[in-house]
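Below is one structure, written out as structure tokens; the observations come after it.
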Amino acid sequence: MSAKFVYGKEVATTIRSQIVSELATLKELTGGDVPGLGVVLVGEDPASRAYVVGKQKRGKVFGYHSVVRHVPADTKQKDVLHLIEELNEDDSIHGILVQLPLPDQIDEKAVIDAINHKKDVDGFHPRNVGNLVSGKDSFIPCTPNACMKILEHIHYDLKGKHVVVVGRSNIVGKPISLLMLRQHATVTVCHSNTPDLAAVCREGDVVVVAVGEPGLITGDMIKKNAVVIDVGVTRVGEKLVGDVDVESVKEVASYITPVPGGVGPMTITMLMLNTLQAFKRKHGLK
Ligand code: NAP
């Protein structure tokens, strides 16, 4: 048996058409208003610049209003906070995103805390994190949301299933675990101190890996027919590789997300979805 590959591009295409059709209705309901996304980029890191350009391009395709505030790497924290304040007050901006990582002189937490939580489309503000933990309506961080949409796409019912999440970061592992719990799965979270990772992974009907260690998960660690979602991305020479050893895992899993091409291509679409949600909330629409 060989696992089916789930390509994020395909899943994202379905979600994008849903956004397009919803936008047409919303434009009418709001008298022509469009969702607005404000992005703050500090410095010249090529990967960050490329992400921001990608987000801007996708926003334009949808007809979103898009603003990028790009400032030099040595910008002071107070000036970044000032930019956030301006975007908070701008009625044409419904979603704000600060491209991470930030230079060392800037306190990431202070910047995220400064974003109006109603515009926090990355879902990193403490208020959104708290809402996610307590099962209330919140912005769901893009990568974890992409993982959930992939499972929806393959019509996977999580109720009663055992999900093993490898990695416990605030932006990936933890929110994924909470979202899986919400769907009534039993969740085990592993990290660098987990003594026998292989034994725990073998219990998983679904294994989500978000570590950043190429080849960490091999076929002998996976239960037959499990679904394996590889979030990890590491640059090795010219290539991007995930945390999963695809050659061995594809022989036992039922589904697997490749790297590149799996979760990665969905994140910008998830951001567009969150911006749409912020726009609807502002207009009091469901
Ligand atoms: P992170 O903050 O560095 O967290 C990595 C997690 O992996 C930590 O919880 C760490 O445990 C755990 N870990 C490290 N070595 C381990 C091991 N040998 N066994 C089990 N767990 C281990 O990274 P992150 O931000 O969550 O990102 C994880 C990966 O996802 C990276 O490759 C990143 O590039 C990728 N990523 C991809 C996307 C996408 O769009 N596809 C988005 C975001 C991130 P401790 O907590 O004990 O240190």
Side-chain angles (χ1 to χ4, degrees), residues 5-12 15 39 45-48 50-55 58 97-102 108-109 112 121-124 129 132 139-151 153 163-180 187-204 206-218 220-222 228-237 239-246 249 256-274:
F5 285 81
V6 191
Y7 294 98
K9 235 182 182 173
E10 273 174 39
V11 188
I15 298 167
V39 177
D45 175 61
S48 292
Y51 287 134
V52 170
V53 169
K55 285 161 185 168
R58 179 56 59 193
L97 176 144
V98 177
Q99 187 62 48
L100 303 176
L102 290 166
E108 200 172 286
K109 187 179 176 322
I112 289 168
V121 284
D122 251 344
F124 295 161
V129 175
L132 182 63
F139 289 110
I140 297 170
C142 297
T143 301
N145 207 10
C147 295
M148 302 312 285
K149 296 285 181 194
I150 283 170
L151 290 171
H153 183 79
V163 177
V164 174
V165 180
V166 189
R168 57 172 168 180
S169 71
N170 288 337
I171 60 164
V172 193
K174 277 183 201 156
I176 286 175
S177 312
L178 292 164
L179 291 168
M180 297 288 179
V187 182
T188 304
V189 185
C190 303
H191 45 79
S192 65
N193 295 287
T194 302
D196 190 349
L197 183 64
V200 183
C201 286
R202 274 194 292 271
E203 298 289 316
V206 176
V207 178
V208 185
V209 197
V211 172
E213 194 177 313
L216 177 69
I217 304 298
T218 48
D220 58 323
M221 299 166 78
I222 296 297
V228 178
I229 300 183
D230 191 355
V231 181
V233 184
T234 306
R235 184 168 286 283
V236 178
K239 282 174 73 181
L240 292 181
V241 292
D243 291 338
V244 170
D245 174 50
V246 176
V249 169
I256 183 167
T257 62
V259 177
V263 177
M266 289 187 63
T267 48
I268 293 184
T269 301
M270 295 298 104
L271 177 69
M272 296 299 136
L273 203 56
N274 278 354

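Indexing begins at 1, ligand by ligand and atom by atom, following the structure's order. Hydrogens, waters and symmetry mates are skipped; everything else that's a heavy atom, side chains included, is used.
- Contact of the Ile256 side chain with the Phe5 side chain is registered, since non-hydrogen atoms from C-beta on lie closer than 4.5 Å.
- When side chains are defined from C-beta on, Asp122 counts as touching Cys142, because their heavy atoms get closer than 4.5 Å.
- When side chains are defined from C-beta on, Glu203 does not count as touching Thr188, because their heavy atoms never get closer than 4.5 Å.
- Checked by distance only, ligand 1 and Ser192 come closer than 3.5 Å through their nitrogen or oxygen atoms.
- Within the 4.0 Å heavy-atom shell around ligand 1 one finds Ile171.
- Close contacts between ligand 1 and Ala210 involve ligand atoms 5 (C), 6 (C), 7 (O), 28 (C), 29 (C) [criterion: under 4.0 Å to a heavy atom].
- Of the listed options Ser169, Pro141, Gly232, Ser169 places a heavy atom closest to atom 4 (O) of ligand 1.
- A donor-acceptor pair under 3.5 Å links the side-chain atoms of Asp243 to the main chain of Val211, judged by distance alone.
- For atom 38 (C) of ligand 1, the nearest non-hydrogen atom from the set Val189, Leu216, Ile176, Thr143 comes from Thr143.
- Judged purely by atom type and a 3.5 angstrom limit, Asp245 has no side-chain atom pairing as donor or acceptor with the backbone of Ile217.
- Atoms of ligand 1 found under 4.0 Å from any heavy atom of Glu213 (numbered from 1 in listed order, with element): 15 (N), 18 (N).
- Below 4.0 Å from some heavy atom of Val166 lie the following atoms of ligand 1, by number and element: 20 (C), 21 (N).
- Set against the non-hydrogen atoms of Val231, the atoms of ligand 1 under 4.0 Å away are 30 (O), 35 (C), 36 (N), 37 (C), 41 (N).
- Within ligand 1, counting atoms from 1 as listed, the ones closer than 4.0 Å to a heavy atom of Val172 are 26 (O), 43 (C), 44 (C).
- Numbered from 1 in the order shown, with element, the atoms of ligand 1 that lie under 4.0 Å from a heavy atom of Gly167 read 6 (C), 7 (O), 9 (O).
- Inclusion of Thr234 in the set of residues having an N or O under 3.5 Å from an N or O of ligand 1 is not warranted.
- Looking at heavy atoms from C-beta onward, Asp45 lies out of side-chain contact with Gln99 at the 4.5 angstrom threshold.
- Set against the non-hydrogen atoms of Thr267, the atoms of ligand 1 under 4.0 Å away are 40 (O).
- Distances from ligand 1 to the non-hydrogen atoms of Gly173 include no value under 4.0 Å.
- In this structure, the side chains of Phe124 and Leu100 come closer than 4.5 Å at one or more pairs of heavy atoms.
- Taking the side chain as every heavy atom from C-beta outward, Cys190 and Val164 approach each other to under 4.5 Å.
- Taking only nitrogen or oxygen atoms, main chain and side chain alike, Val233 reaches within less than 3.5 Å of ligand 1.
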